[in-house]
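All values below come from the heavy atoms of this structure, side chains included, with hydrogens, waters and symmetry mates left out. Proteins get letters first, then strands, A, B, ... in listed order; numbering begins at 1 in each. Keep in mind it's a predicted model, so treat the numbers as computed, not measured.
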There are 2 protein chains.
Amino acid sequence: MNVTIKDIARLAQVSHTTVSRALNDSPLINSETKEKIKQLAQEMGYTPNFSAKSLVMDRSYNIGLFFSTLNTGTSAGFFYETVRGINSVVKDAYNLVVRGIDDYEHYRSIHRKSFDGVIVMSQSAKDDPFLHHLSEAGIPHIVLNRKVEGLKAINILSDDSHGSYRVVNHMIKKGHRRIAIISGKQNFHSTVERRDGFVRALQDAGIELKESYQVGASYDLKSGYTAMLQLLDLPERPTAVFCMNDDMAVGAVKAVHDAGLQVPGDVSVAGFDDSMFSAYLSPALTTVKRPIEEISRQGALVLLESIEQKKLAPDIIYLRTELVVRESVAEPAKA
Amino acid sequence: MNVTIKDIARLAQVSHTTVSRALNDSPLINSETKEKIKQLAQEMGYTPNFSAKSLVMDRSYNIGLFFSTLNTGTSAGFFYETVRGINSVVKDAYNLVVRGIDDYEHYRSIHRKSFDGVIVMSQSAKDDPFLHHLSEAGIPHIVLNRKVEGLKAINILSDDSHGSYRVVNHMIKKGHRRIAIISGKQNFHSTVERRDGFVRALQDAGIELKESYQVGASYDLKSGYTAMLQLLDLPERPTAVFCMNDDMAVGAVKAVHDAGLQVPGDVSVAGFDDSMFSAYLSPALTTVKRPIEEISRQGALVLLESIEQKKLAPDIIYLRTELVVRESVAEPAKA
DNA sequence: ACACATCATGCACACGTTAACAATCCAAAA
DNA sequence: TTTTGGATTGTTAACGTGTGCATGATGTGT
């Protein structure tokens, strides 16, 4: 049997109310008795029963971390860094519950009683019904990684458009004019943003957008591979290829090698994310660092604040991306 | 305000007990009223209050997933696959709470009231005090990835020793005699097992074990890189290097390239795990497939069984590893 | 000396659920 | 007719905690 406040009360010769007040640092208690009870509780190895606490306090002590999906389109590194970032903030004051939004048929079981707050790592507008549900259920929540339109929500995200502008611009400065792009999953916010940066960079340089230089993929290694094969097959193949994430870049580099060509000798390749492994590839990957762990940490902080102090946070926070120049983008071979 | 069974009772003109029975498919109820109540509950959008349920049922509806650490030594892919595997089983019957064991100073807050069951992805004997705590607290638990000695526990793991025996044997058959190993974190169970397979393979082939061919690292990319540099510096450098995981293999390959040498032309390299990216490296990595997602899924199944039906599972389950031959191991250059 | 404020404590109830036990009804058996 | 017993439903308490209100003790100003 576990120790309850009533057990403590009996031994301390006070009512359980007093014990409760002591353990919660209520101002309505003598500081001496408070200390005495606290020490006693410590000795007896008391731990609060969160079920009971939840019931009466109307709180669950659960924080939900929801990904759009845990299956396709979520890379391992991305997932890992997110959980780490949030976990470092949440500690053991809350349970961090990890879920995929697409695991649910209906959201009925997600309500204020089951989650004190929710962090949504959102990829696309497909999540909007879910966000809508959160609003309606009155669950404090923040949205990471995506700017949500229409709904009122706290957003924390990186400036992906700017980031991809810079890599592509870097390619242009190196002398590339035939620049292709391998896109991520359609409808993903990140996909739209990164494409936007790509387009702007080309326009600013006065380079024409070619339809055949834009090929769709799905953020995983394999899709990067096949997309690159497609590009290499073109009559006038690109000299540089921007991949919307590092995973696809790895697949793309593989495709180049398998075609008997070299990176960056024959084709330059860049990625996005700065995954852990990207510095250790051969050639080391030129990419854009996206502060996922930092976004997650900030998000968790803001959420906890808004739960605990009902403080209002600003609508939207942008974190800077950073160009990481390594070896996979070089000057194009002379024509 | 949320709908409770009392609200339903009022509308259905029955007692709340009857409602409770209806919703829990108790045999003590008329099937007509049962259906009527169920339908009413559905219409009213009733969802049970888990805090209340927990309190009286003495269950938390939480399943803990504990990693030895979430920081160093846990690779992103490993983490991702584990969570996916378990999540696919747990569904929304339970909350899956993810934690690092080393986040805790003491385990007081982990008790039967806070977790119905715990899955431990364990790396080393350092986790033993934690496992001991779980036993003592009477929390049903299973240990993945490691055979735990002394303590009674259900174990599910892959036969790493056999796996590494096979890669190393594969190297030997290709004609290598100067074979080195880059180890993972000291004290990790996996490190010991994989080393064991390595040693046996060499012994069976009558190859002498050289101290200088065994270098310690820590399962991350960077440590693989520096370890390989060290090996390349040797007066008589190895012709083949077995890395205890794929991450380190990536680092090692990078080191070879940076030294102006080729894989597998000058040095063959093999890894362990069969991470998602290993097929997409250049050269594609020869490695050992370890069924992490499968281990996790099985583990979750066994745990749920033992929670819900109090059924006893076998002490230890081994899942097979599998040699994956790709390109990074070839015949050694003629001496 | 008295009224009154202040501080510390206890009593009793509430939260939403399950379950042991009691009560009722009706049909079948004696 | 009376008894028995199964089926169905209701009454009540319990789980462990927090809180509004009442109570008692102690001091403070007049």
Side-chain angles (χ1 to χ4, degrees), chain A residues 1-38 40-41 44-62 93-94 108-109 111-116 308, chain B residues 1-38 40-41 44-62 93 108-109 111-116 138 308:
Chain A
M1 201 51 196
N2 247 317
V3 184
T4 74
I5 55 171
K6 291 192 180 177
D7 299 327
I8 302 177
R10 207 172 307 123
L11 260 79
Q13 315 249 40
V14 295
S15 76
H16 76 275
T17 307
T18 303
V19 177
S20 171
R21 284 200 264 256
L23 298 176
N24 291 312
D25 288 321
S26 160
L28 301 174
I29 196 174
N30 181 292
S31 53
E32 276 181 45
T33 50
K34 180 164 102 177
E35 286 315 316
K36 195 181 84 189
I37 290 174
K38 277 195 170 182
L40 188 55
M44 297 175 68
Y46 169 79
T47 53
N49 181 319
F50 277 86
S51 302
K53 213 165 178 158
S54 299
L55 183 57
V56 63
M57 299 293 279
D58 205 24
R59 292 182 55 179
S60 64
Y61 300 96
N62 285 154
Y94 292 91
R108 217 175 301 138
S109 63
H111 39 79
R112 220 174 40 258
K113 311 262 177 177
S114 53
F115 291 103
D116 288 351
E308 278 162 14
Chain B
M1 200 51 195
N2 247 316
V3 184
T4 73
I5 55 172
K6 291 193 179 177
D7 298 328
I8 302 178
R10 206 172 308 121
L11 260 81
Q13 315 249 41
V14 295
S15 76
H16 71 277
T17 307
T18 304
V19 176
S20 171
R21 285 199 266 255
L23 298 176
N24 291 311
D25 287 321
S26 158
L28 302 174
I29 196 173
N30 181 293
S31 54
E32 276 181 44
T33 50
K34 178 164 103 178
E35 286 315 316
K36 196 181 82 187
I37 290 175
K38 276 195 169 181
L40 187 56
M44 298 175 70
Y46 168 79
T47 52
N49 182 319
F50 276 86
S51 303
K53 213 165 177 158
S54 299
L55 184 56
V56 62
M57 300 292 280
D58 204 25
R59 293 183 53 179
S60 63
Y61 300 97
N62 285 154
R108 217 175 300 136
S109 63
H111 38 78
R112 222 177 33 261
K113 311 264 176 175
S114 54
F115 292 103
D116 289 351
E308 278 162 14

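- Distances shown here put a side-chain N or O of A:Y46 below 4.0 Å from the OP1 or OP2 atom of D:dT17.
- For the pair B:R112 CZ and D:dC15 P, the computed distance is 15 Å after rounding to whole Å.
- Between A:K53 and D:dG18 there is a side-chain polar atom (N or O) within less than 4.0 angstrom of OP1 or OP2.
- For B:S114, the side-chain hydrogen bond (donor to acceptor under 3.5 Å, both in side chains) test picks out no residue, with sequence neighbours left out.
- The CZ atom of B:R59 sits 17 Å away from the C1' atom of C:dG16 (whole-angstrom rounding).
- We find that OH of B:Y61 is positioned 12 Å from P of C:dT17, with the value rounded to whole Å.
- Note on B:S51: every side-chain N or O is 4.0 Å or more away from OP1 and OP2 of C:dC15.
- Residues from residues 13-31 of chain A with heavy atoms under 4.0 angstrom of DNA chain C, sorted by number: A:Q13, A:V14, A:S15, A:H16, A:T17, A:T18, A:R21, A:L28, A:I29, A:N30.
- In this structure the side chain of A:V19 reaches within 4.5 angstrom of the side chain of A:L23, judged on heavy atoms.
- Put simply, CD1 on A:I5 is 15 Å from P on C:dT9, counting in whole angstrom units.
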Considering only distance and modelled atom types, tabulate donor-acceptor pairs under 3.5 Å from the side chains of residues 49-56 of chain B, sequence neighbours left out.
residue : atom : partner : partner atom : Å
B:N49   : OD1  : B:S51   : N            : 2.8
B:N49   : OD1  : B:A52   : N            : 3.1
B:S54   : OG   : B:F50   : O            : 2.5
B:S54   : OG   : B:R59   : O            : 3.0

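- Sorted by first and then second residue, the pairs that involve residues 11-27 of chain B and meet salt bridge (Lys or Arg N to Asp or Glu O under 4.0 Å), not counting sequence neighbours, are B:D25-B:K34, B:D25-B:K38.
- Comparing the local axis fitted to the first five base pairs of the helix from C:dA1-D:dT30 to C:dA30-D:dT1 with the one fitted to its last five gives a bend of 60°, rounded to 10°.
- By the ring pair (Phe, Tyr, Trp, His ring centres under 6.0 Å) test, A:Y46 pairs with no residue at all, sequence neighbours left out.
- In this structure, CZ of B:F50 is placed 17 Å from C1' of C:dC15, rounded to the nearest angstrom.
- Residues in residues 10-20 of chain A take part in these salt bridge (Lys or Arg N to Asp or Glu O under 4.0 Å) pairs, two or more places apart or across chains: A:D7-A:R10.
- Where B:L55 and B:T33 meet DNA chain D, the nucleotide closest to each residue was compared, and B:T33 sits on the side nearer the 5' end.
- The nearest whole Å value for the distance from the NZ atom in B:K6 to the C1' atom in D:dA13 is 12 Å.
- When rounded to the nearest whole Å, the span between CG of A:N49 and P of C:dC15 equals 18 Å.
- Residues forming a side-chain hydrogen bond (donor to acceptor under 3.5 Å, both in side chains) with B:S26 (at least two apart in sequence, or on another chain): none.
- Residues A:V14 and A:T33 form no side-chain contact, since every pair of their non-hydrogen atoms from C-beta on lies 4.5 Å or further apart.
- Atom-to-atom, NZ of B:K34 to C1' of D:dT8 comes out at 13 Å; the value is rounded to the nearest Å.
- Take A:N30 and apply the side-chain hydrogen bond (donor to acceptor under 3.5 Å, both in side chains) test, not counting sequence neighbours, and it matches no residue.
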